Amino acid sequence: MMIFKCIVVLYNKKIPDSSTLNSLKGIQDKHIEVHIFDNSDKNMGNSKYVERTGWFYYTKGENIGISKAYNYVIDRNKDFSTLTYFVMLDDDAEISGDFFKYLERELRVSKLDIGVPIIKVGKEIMSPSKVSALGRVKKINDLKEVNQDNITAINNGMVINSEVFNTIRYNDKLFIDYVDHDFMRQARDNGFSIGTLHFILNHNMSSEDTSISEESRLFRFNLYVSDLLTYFSSNDKHNLFGRIQILHMGFRYFLRYRNGKFLKIAIKRSNQ
């Protein structure tokens with residue numbers, strides 16, 4: 001028997017507004033569990049809603065970040081008595097029962113430790129992608145460009161054998177960005193078998209919220225910079241490249257928003 005434990009992290013969103021959870025609601029299968037970590041910092045009414053579903057619900061009443069949310073759920077649900085896979089899902093995915101049927105067939109044959117679906121926006125492959133020698137994540141045009149040594153991927157749709165978490169875990173020092181790529185780096189370094197799942201999930205790129213305040217945008221940029229510095233801290237070459245990336249982004253944001261605070265943050269943080 002194979003068990004799939006789907007993990008969905010919400011932030012200030014109601015369960016009925018999540019396309020992922022709406023999709024999962026329509027899939028009736030006792031071998032598929034739904035685990036929701038609610039990172040909302042205000043009451044969205046989700047704890048009451050989930051009582052009617054049979055799903056598993058967790059919250060700390062604040063936003064503890066993606067990595068800590070994943071680890072919280074995984075630590076409480078690792079099961080080594082049954083073949084168990086965690087399925088990491090964004091809250092805005094479109095998932096069908098066919099995806100899980102494919103996973104069961106494929107994983108029984110391939111025995112992969114980690115499987116990553118093909119994520120597309122239009123005709124463009126968003127995931128998997130490859131990592132350069134400097135740690136930079138680069139898009140690919142053909143799946144032949146990725147191999148066991150350079151493959152990385154976004155979390156959405158990633159399938160992970162629970163036994164992997166005996167050795168590695170999500171990096172608690174990362175709040176929201178590079179969480180998936182850091183995890184994939186750990187997986188590669190520890191020799192876990194990683195492969196592309198030949199199942200396509202379409203991804204909707206969310207448009208930028210033009211109503212966001214300048215203060216919120218600066219806060220988000222600061223978070224990104226912190227996570228970028230953490231991700232690129234693995235060695236001196238990566239560290240230098242990461243700091244160059246920060247300066248580049250600070251200059252781009254300065255030009256886009258005509259706000260010198262982005263450049264000021266970039267210069268300050270790149271020299272820390």
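As the structure is a prediction and not an experimental result, all values here were calculated from the model.
Here Arg185 pairs with Asp182 in a salt bridge; the nearest charged N to carboxylate O distance falls below 4.0 Å. Ion pairing between Glu124 and Lys120 fails under the 4.0 Å rule for side-chain N and carboxylate O. Under 4.0 Å is where a charged nitrogen must lie from a carboxylate oxygen, and between Asp29 and Lys101 no such pair does.
Around the NE2 atom of His31, the shell of radius 6.0 Å holds more than 12 heavy atoms that belong to other residues, nucleotides or ligands. Residue Lys5 qualifies as enclosed at atom NZ: its count of foreign heavy atoms under 6.0 Å is above 12. Other residues, nucleotides and ligands contribute at most 12 non-hydrogen atoms within 6.0 Å of the CD atom of Glu215. Under a cut-off of 6.0 angstrom, the local environment of CG in Asn166 is crowded, with over 12 non-hydrogen atoms contributed by other residues, nucleotides or ligands.
Using modelled atom types, one finds a donor on one side chain and an acceptor on the other under 3.5 Å when comparing Asn39 with Asn63. In summary, the side chains of Tyr70 and Asp180 do not present any donor paired with an acceptor at a separation below 3.5 Å, with no hydrogens or angles considered. Using modelled atom types, one finds no donor on one side chain facing an acceptor on the other under 3.5 Å when comparing Asn271 with Arg243. Looking only at atom types and distance, the side chain of Tyr49 has no donor-acceptor partner in the side chain of Tyr57 under 3.5 Å away. Side-chain contact check for Arg169 and Ser67: no donor-acceptor pair (N or O, by modelled atom type) lies under 3.5 Å. Between the side chains of His35 and Tyr58, at least one donor-acceptor pair of N or O atoms lies under 3.5 Å. Judged by distance alone, the side chains of Asp41 and Tyr11 do bring a donor and an acceptor atom under 3.5 Å apart. Neither side chain, Asn190 nor Gln186, offers a donor N or O lying under 3.5 Å from an acceptor on the other. Residues Ser23 and Thr20 bring no donor and acceptor atom of their side chains to less than 3.5 Å of each other. Counted by atom type alone, Asn71 and Asp172 present one or more donor-acceptor pairs between their side chains at under 3.5 Å.
His181 has its side chain out of reach of Val131: every pair of non-hydrogen atoms, C-beta onward, lies at least 4.5 Å apart. Side-chain contact check for Met44 versus Lys13: every heavy-atom pair is 4.5 Å or farther apart. Within the 4.5 Å cutoff, side-chain heavy atoms of Ile27 are placed close to those of Phe100. In this structure, Ile32 and Val87 have side chains that are not in contact, with every pair of non-hydrogen atoms separated by 4.5 Å or more. Between Leu10 and Thr59 there is no side-chain heavy-atom pair separated by less than 4.5 Å. Between Glu33 and Ile7, every side-chain heavy-atom pair lies at or beyond the 4.5 Å cut-off. Side-chain atoms of Glu214 and Asn259, non-hydrogen and from C-beta on, do get closer than 4.5 Å to each other. No side-chain heavy atom of Ile114 sits less than 4.5 Å from a side-chain heavy atom of Leu112.
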* Which is it for Met184 and Met158 under the side chain to side chain contact (heavy atoms under 4.5 Å, CB included) test, yes or no, and what are the steps along the way? -> CA-CA 10 Å; Met184 290 292 282; Met158 189 182 294; 3.8 Å; yes

* For side chain to side chain contact (heavy atoms under 4.5 Å, CB included), just list the numbers for Ile36 and Leu21, CA-CA rounded to whole Å, side-chain angles, deciding distance to a tenth of an Å, and then say yes or no. => CA-CA 9 Å; Ile36 302 167; Leu21 294 172; 3.9 Å; yes

* Can you list the steps and then say if Leu197 with Val159 is a side chain to side chain contact (heavy atoms under 4.5 Å, CB included)? -> CA-CA 9 Å; Leu197 302 170; Val159 184; 4.0 Å; yes

* Trace of the side chain to side chain donor-acceptor pair (under 3.5 Å) decision for Tyr170 with Asn155 -> CA-CA 11 Å; Tyr170 283 95; Asn155 268 317; 3.0 Å; yes

* Quick one: do Asn239 and Ser233 satisfy side chain to side chain donor-acceptor pair (under 3.5 Å)? Show the steps, please. => CA-CA 5 Å; Asn239 195 307; Ser233 64; 5.9 Å; no

* Residues Ile118, Leu201; criterion side chain to side chain contact (heavy atoms under 4.5 Å, CB included); working and verdict -> CA-CA 6 Å; Ile118 301 165; Leu201 295 179; over 6 Å; no

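Ser270 places no side-chain N or O within donor-acceptor distance of the main-chain N or O of Leu247, the cut-off being under 3.5 Å. Side-chain N or O atoms of Asn235 include one that pairs as donor or acceptor with a backbone N or O of His238 at under 3.5 Å. The backbone N or O of Asp227 lies less than 3.5 Å from no partner atom in the side chain of Asp177, so there is not a single donor-acceptor pair. Judged by distance alone, the side chain of Ser132 and the main-chain N or O of Leu134 form a donor-acceptor pair under 3.5 Å. Ser129 places no side-chain N or O within 3.5 Å of a backbone atom of Ile140 that could act as its donor or acceptor partner. Looking at Asp113, its side chain does come within 3.5 Å of a backbone N or O of Ser193 through a donor-acceptor pair. At least one donor-acceptor pair under 3.5 Å links the side chain of Gln148 to the backbone N or O of Phe192. No donor-acceptor pair under 3.5 Å is formed between the side chain of Ser40 and the backbone N or O of Asn43. One N or O on the side chain of Asn46 and one on the backbone of Ile15 form a donor-acceptor pair closer than 3.5 Å. At distances below 3.5 Å, at least one donor-acceptor pair connects side-chain atoms of Asn22 with backbone N or O atoms of Pro16.
In this structure, Lys78 NZ and Arg76 CZ are separated by 10.5 Å, a value rounded to the nearest 0.5 Å. The distance from the CD1 atom of Ile66 to the CD1 atom of Ile176 is 5.5 Å, given to the nearest 0.5 Å. Separating the NZ atom in Lys268 from the CD1 atom in Ile246 is a distance of 13.0 Å, to the nearest 0.5 Å. Note that CD1 of Ile74 is 10.0 Å distant from OG of Ser162, once rounded to the nearest 0.5 Å. Atom CD of Glu94 is separated from atom CG of Asp92 by 8.5 Å, given to the nearest 0.5 angstrom. Leu228 contributes atom CG, which lies 10.0 Å from atom CZ of Arg269 (distance to the nearest 0.5 angstrom).
Clustering ILVMFWY residues whenever any of their side-chain heavy atoms sit less than 4.5 angstrom apart, transitively, puts Phe221 in a cluster other than the one holding Phe254. One hydrophobic cluster, built from ILVMFWY side chains closer than 4.5 Å, holds both Tyr85 and Tyr102. Met249 and Leu255 fall into different hydrophobic clusters, where Ile, Leu, Val, Met, Phe, Trp and Tyr are joined by side-chain heavy atoms under 4.5 Å apart, directly or via other members. Hydrophobic clustering of Ile, Leu, Val, Met, Phe, Trp and Tyr side chains at less than 4.5 Å, counting indirect connections, keeps Ile267 apart from Phe241. Note on Ile3 and Leu89: separate hydrophobic clusters, where clusters join Ile, Leu, Val, Met, Phe, Trp and Tyr whose side-chain heavy atoms are under 4.5 Å apart, directly or indirectly.
The aromatic rings of Tyr253 and Tyr257 stand perpendicular to each other, their planes meeting at an angle above 60°, with 30° marking the opposite boundary.
With Val146 as the fixed residue, the side chain to side chain contact (heavy atoms under 4.5 Å, CB included) test singles out one of Asp149, Asp142, Asn150: Asn150.
In this structure, Phe165 has its ring center closer than 6.0 angstrom to the ring center of Phe183.
Taking all atoms of both residues into account, the shortest heavy-atom contact from Ala69 to Phe37 is CB-CD2, 3.5 Å.
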